[in-house]
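Indexing begins at 1, ligand by ligand and atom by atom, following the structure's order.
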Amino acid sequence: MSIIKPLTLFSHGDTPNPTKVAIILKELSIPYKVAMIEWDNLHKEPFTNVTPNGRVPAIDDPNTGITLWESGAIIQYLIDTYDKEGKISYSSSPERYQQAQWLFFQTSGQGPYYGQAVWFHKHHPERLPTAEERYVREVERVIGVLDSWLQQHDYLVGDKVTYADLSFIPYAAAVPRMDFLNQYGKIFEGGKYAAYQAWLEKLLARDSVKKGIEPTAELIEGAANKIAK
Ligand SMILES: N[C@@H](CCC(=O)N[C@@H](CS)C(=O)NCC(=O)O)C(=O)O
């Protein structure tokens, strides 16, 4: 594939799951344009013709004719199609499967738990302290799992940055803005989770990450405000 036609990334701008995909697109220098879907238009046609789930991200790739949704599936497709050189991935075993393992942990563990922590603190119509606390504990547990691995390894898989590392960035970058976390005690006080913090800093310094993350200044907060409208 010599000249790549721009892909369409369906996004809502300042939300973490589309940002995850934008970071991978930037990393692999894949041209793309963003189709912004207003919050009120997510759950109706024509966007539900793109994804019956009515959520972002989704992509449309004119080079192969594929339309896809679910950030994890999109990332795996982009890697299989556009990372033949292995810039941010391994294609051999066991690393290939270890990458999938961390990506699945991100999409089933980090993303939903962080999202629910925001929901129960900021938008649920009644205070449910047990739910609020459960999801905060999960946010910290996910950070702990990553930190325990990173105490022994520079990266999640192998000896280079892969899409597995990159997939955690948008939600990890939102943690400092989740002000409600402070009522449970500061997560990073006293040098706690230092290996995780060093890893995150290293990732955030990457050019592609800075560019991919640009539209997400408000990240989770912005998305949640729009839900509340
Ligand atoms: N599992 C989905 C989650 C997608 C998702 O929840 N996206 C949010 C934005 S980050 C969304 O579209 N929310 C709209 C809504 O909740 O109605 C993925 O990984 O792509």
Enquirer: Going by distance only, is there an N or O of Arg55 that falls short of 3.5 Å from an N or O of ligand 1?
Expert: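 N/O-N/O distance below 3.5 Å exists for this pair.
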Enquirer: Counting each atom of ligand 1 from 1 as listed, which ones have a heavy atom of Leu42 under 4.0 Å away?
Expert: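 So the answer, numbered in order with elements, is 14 (C).
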Enquirer: Look at the side-chain heavy atoms of Ile, Leu, Val, Met, Phe, Trp and Tyr, link any pair under 4.5 Å apart, and say whether Val145 and Tyr193 land in one connected group.
Expert: yes
Enquirer: Linking I/L/V/M/F/W/Y whenever their side-chain heavy atoms sit closer than 4.5 Å, directly or via other members, would Val34 and Ile4 fall into one cluster?
Expert: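 The answer is yes; both residues are in one hydrophobic cluster.
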Enquirer: So is Pro57 in contact with ligand 1, going by heavy-atom distances below 4.0 Å?
Expert: yes
Enquirer: Does Val56 reach ligand 1 with a nitrogen or oxygen that is under 3.5 Å from one of the ligand's nitrogen or oxygen atoms?
Expert: yes
Enquirer: Between Tyr184 and His121, is the ring centre distance below 6.0 Å?
Expert: yes
Enquirer: Quick check: do Val136 and Phe180 have side-chain heavy atoms less than 4.5 Å from each other?
Expert: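 A side-chain contact under 4.5 Å exists here.
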Enquirer: Go through Asp60 and Lys33 one step at a time and tell me if the salt bridge (Lys or Arg N to Asp or Glu O under 4.0 Å) criterion holds.
Expert: CA-CA 10 Å; Asp60 185 49; Lys33 51 190 184 198; over 6 Å; no
Enquirer: Counting heavy atoms not belonging to Glu38, are there more than 12 under 6.0 Å from its CD?
Expert: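 No, CD of Glu38 has 12 or fewer neighbouring heavy atoms, counting only those of other groups under 6.0 Å.
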Enquirer: Tyr77, Ile75: one ILVMFWY side-chain cluster at the under-4.5 Å cut-off?
Expert: yes
Enquirer: Is the closest heavy-atom distance from Glu70 to ligand 1 below 4.0 Å?
Expert: yes
Enquirer: Mind checking whether Trp39 contacts ligand 1 via backbone (N, CA, C, O), side chain (CB onward), both or neither, at a 4.0 Å heavy-atom cut-off?
Expert: side chain
Enquirer: At under 4.0 Å between heavy atoms, is it the side chain or the backbone of His43 that contacts ligand 1, or both, or neither?
Expert: side chain
Enquirer: Which atoms from ligand 1 have a heavy atom of Pro16 less than 4.0 Å away?
Expert: 10 (S)
Enquirer: Quick one: does Thr107 get an N or O within less than 3.5 Å of an N or O on ligand 1?
Expert: no
